Amino acid sequence: MCLLKLISQLKTANTDLTYNVTSVKLTGISKTGTYNFADASWEAKTGEGNIKEYVYLDDSNGIEITKAGSPTDLQKNGALMLIPQSLTSANIVISYNVLKGDNVIKKVTDESISLATTGNWELEKRYAIL
């Protein structure tokens, strides 16, 4: 039995722009839970002290995302393992720069993307966030 495995990759369809991702965080994530062996169910705890922010990528140099046909892997140190849970208050928070040539044309800091509509993270599943 395993918990769930989260991997993240980014890609772009725009050949004129390069994206430089400097930070990816998961917020509103439960860090504890209870597994019931009798019915093989998992319940994440959501009370005070049980919700955590996980920094998935923090790289001041950034990871360059260009149009190369396949997604760029943001994993530097392996996948993030999390417990199964509802995502009603979870978000991905990302910071990145948009470049045209060597010029930064837009800097985005802590853009929050809600995961509330993605359903639940389930036991023994693998999720790719693209």
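Bear in mind that the values here come from a model prediction, so they are computed numbers and not experimental data.
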For the residue pair [X] and [Y], what are the closest heavy atoms and their distance?
X: Lys31; Y: Gly49; result: CE-O, 2.8 Å
X: Ser114; Y: Asn91; result: CA-OD1, 3.1 Å
X: Ser112; Y: Val93; result: OG-CG2, 4.1 Å

Are [X] and [Y] connected, step by step, through hydrophobic side chains (Ile, Leu, Val, Met, Phe, Trp, Tyr) whose heavy atoms are closer than 4.5 Å?
X: Val104; Y: Tyr19; answer: no
X: Ile92; Y: Tyr54; answer: yes
X: Leu26; Y: Val24; answer: yes
X: Ile113; Y: Val98; answer: yes
X: Val55; Y: Ile51; answer: no

For Ser41, the side-chain hydrogen bond (donor to acceptor under 3.5 Å, both in side chains) test, sequence neighbours excluded, returns Asp39

Notebook entry, point to check: Can you tell me if Ser86 uses its side chain to pair, donor with acceptor, with the backbone of Asn120 under 3.5 Å?
Noted result: no

Review point. Within the distance-only criterion (no hydrogens, no angle test), does the side chain of Gln85 pair as donor or acceptor with the backbone N or O of Ala44 below 3.5 angstrom?
Key: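 No, Gln85 side chain to Ala44 backbone: no donor-acceptor pair under 3.5 Å.
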
Mind running side-chain contact (heavy atoms from CB on, under 4.5 Å) on Ile105 and Leu17 for me, showing each step along the way? CA-CA 9 Å; Ile105 60 172; Leu17 302 177; 3.7 Å; yes

**OP:** Quick one: do Asn36 and Glu43 satisfy side-chain contact (heavy atoms from CB on, under 4.5 Å)? Show the steps, please.
**Re:** CA-CA 8 Å; Asn36 183 332; Glu43 181 181 347; over 6 Å; no

The reported gap from CD1 in Ile94 to OG in Ser23 (rounded to nearest 0.5 angstrom) is 8.0 Å

Contacts satisfying side chain to side chain donor-acceptor pair (under 3.5 Å) that involve residues 96-105 (not counting sequence neighbours) are Tyr96-Glu111

Residues passing the side-chain contact (heavy atoms from CB on, under 4.5 Å) test with Thr32, sequence neighbours excluded, are Lys45, Asn50

